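This report concerns only the one structure given below.
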Amino acid sequence: MTRLHRASYATAALLVAFLAATAAQTQRIQVVPNEAGRRVDVIIDGKPFTSYIWPDTLKKPTLFPLRSASGTVVTRGYPLEPRKGGRVDHPHHVGLWLNHGDVNGLDFWNNSTAIKAEQAPKFGTIVHRRIVEAKGGKDHGDLVVETEWVKPEGTALLTEHTEFVFRGDASSRTIDRVTTLTALGERVIFQDNKEAFFGMRVARGLELPYEKAEVLTDESGKPTPKPVLDNAGVNGQYTSSEGLKGDAVWGTRGRWMMLTGTVDAKPVTLAILDNPSNPGFPTYWHARGYGLFAANPLGEKVLTDGKKELNLTLEPGKSTTFRFRVLILDGIAKSDDIEKAYQAFAPQKSTGRE
């Protein structure tokens with residue numbers, strides 16, 4: 001091999017290394033489809049963040065689990081991945097999802113494999129149809145999917161087009177969700193209902209301490225034979241944009257809500273940000289001490305004791321769009337921190353990209 005050839009090979013090797021390093025930098029956030037596994041994995045800086053999943057065991061797609069930048073899992077494991085000390089109620093509360101409890105009389109919120117066959121005609125299912133785009137990048141990763149909201153007999157009521165935008169750095173993770181719902185062959189009414197709309201079920205440590213014995217999971221993830229009262233490590237605290245705290249936030253309105261606490265001795269903050277363009281803004285909060293953390297802009301009647309009512313109606317072919325942002329922060333944030341993040345989010349009008 002001549003000196004010229006050796007120099008050429010060395011130059012080529014350096015070029016390959018440079019291109020590999022550049023690719024790694026430009027793909028710092030990876031969005032990796034696995035259609036056979038019915039999932040899309042999101043990886044930030046080489047660490048798993050979350051997965052968009054649509055297994056046969058769920059009646060809707062969801063993001064599960066959610067992790068902080070430090071790797072702390074902030075969502076409940078049950079029923080997919082039960083962990084010791086977790087509650088076993090509400091099997092339809094899985095990860096981070098969006099649906100509603102009364103759409104043309106069908107309950108999409110409470111549907112799960114636990115529903116008895118004779119009750120199934122009362123429930124609707126959100127069916128994943130296709131991945132439109134899955135793209136990583138240096139600053140954000142994008143996932144665009146299409147689903148259908150389907151009646152028990154298989155007819156679709158609505159099409160759903162959802163874009164997720166994932167971001168993260170050394171101490172934070174962010175999810176933007178922009179969902180457009182379009183009515184198909186008939187008028188679609190989202191009847192004012194408590195069981196809605198955009199929510200997550202959080203890890204045990206982020207629940208509020210309670211005074212009633214509950215059935216929890218044991219070391220093997222199975223329910224305990226008898227209810228137990230055990231608040232060890234349970235230390236969550238809600239704070240609303242209006243300054244309310246704890247259980248007092250439920251059924252109130254606000255442009256954002258945060259939940260702080262520790263999970264496995266690691267401090268963490270979760271926040272959901274509403275957007276002024278959303279129907280029903282500012283949203284009501286279906287935020288419960290037992291770990292359900294949800295924004296419900298379509299529950300005015302039940303959450304105001306009948307003083308108001310919002311029944312969102314879509315004529316055939318018409319659409320509505322909802323925009324939300326979720327923050328997962330290492331450490332305990334202050335209200336001013338979340339308000340600053342909200343002000344950065346609120347002006348956005350379309351995709352959630354900045």
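Predicted model, so just to flag it, every value in this text is computed and none were measured.
A distance of 9.0 Å separates NZ of Lys59 from CG of Asp56, quoted to the nearest 0.5 Å. Expressed to the nearest 0.5 Å, how far CZ of Arg83 lies from CG of Leu216 amounts to 13.0 Å. Atom-to-atom distance recorded for Gln191:CD and Asn311:CG is 4.0 Å, nearest 0.5 angstrom. The CH2 atom of Trp97 sits 11.5 Å away from the CD1 atom of Ile126 when rounded to the nearest 0.5 Å. We find the CD-CG distance between Glu148 and Leu181 to be 12.0 Å, quoted to the nearest 0.5 Å.
Salt bridge Arg177/Glu160: present, at least one basic N to carboxylate O contact under 4.0 Å. For the pair Asp274 and Arg323, the salt-bridge criterion is not met [side-chain N within less than 4.0 Å of a carboxylate O]. Looking at Asp218 and Lys84, no side-chain N of the basic residue comes within less than 4.0 Å of a carboxylate O on the acidic one, giving no salt bridge.
Geometrically, Arg204 does not engage Tyr78 in a cation-pi contact, judged by NZ or CZ lying under 6.0 Å from the ring centre and within 45° of the ring axis. Seen from the ring of Trp250, Arg288 counts as a face-on cation partner, given the 6.0 Å and 45° thresholds.
Every residue was checked against the salt bridge (Lys or Arg N to Asp or Glu O under 4.0 Å) condition with Arg67, not counting sequence neighbours, and none meets it.
A side-chain donor-acceptor contact under 3.5 Å links Gln119 and Lys122. Side chains of Thr125 and Asn111: a donor on one and an acceptor on the other come within 3.5 Å. Checking Asp102 against His100 by side-chain atom types alone, no donor-acceptor pair falls below 3.5 Å. With 3.5 Å as the limit, one finds no donor-acceptor pair spanning the side chains of Asn235 and Glu207.
The backbone N or O of Arg129 sits nowhere less than 3.5 Å from a side-chain atom of Glu146 that would complete a donor-acceptor pair.
Ring orientation note: the planes of Tyr342 and Phe345 are nearly perpendicular, at an angle over 60° on the 30°/60° scale. Classified by interplanar angle (parallel below 30°, tilted 30° to 60°, perpendicular above 60°), the ring pair Phe198/Phe324 is parallel.
Few gaps surround CD on Glu315; more than 12 heavy atoms of other groups in view lie less than 6.0 Å from it.
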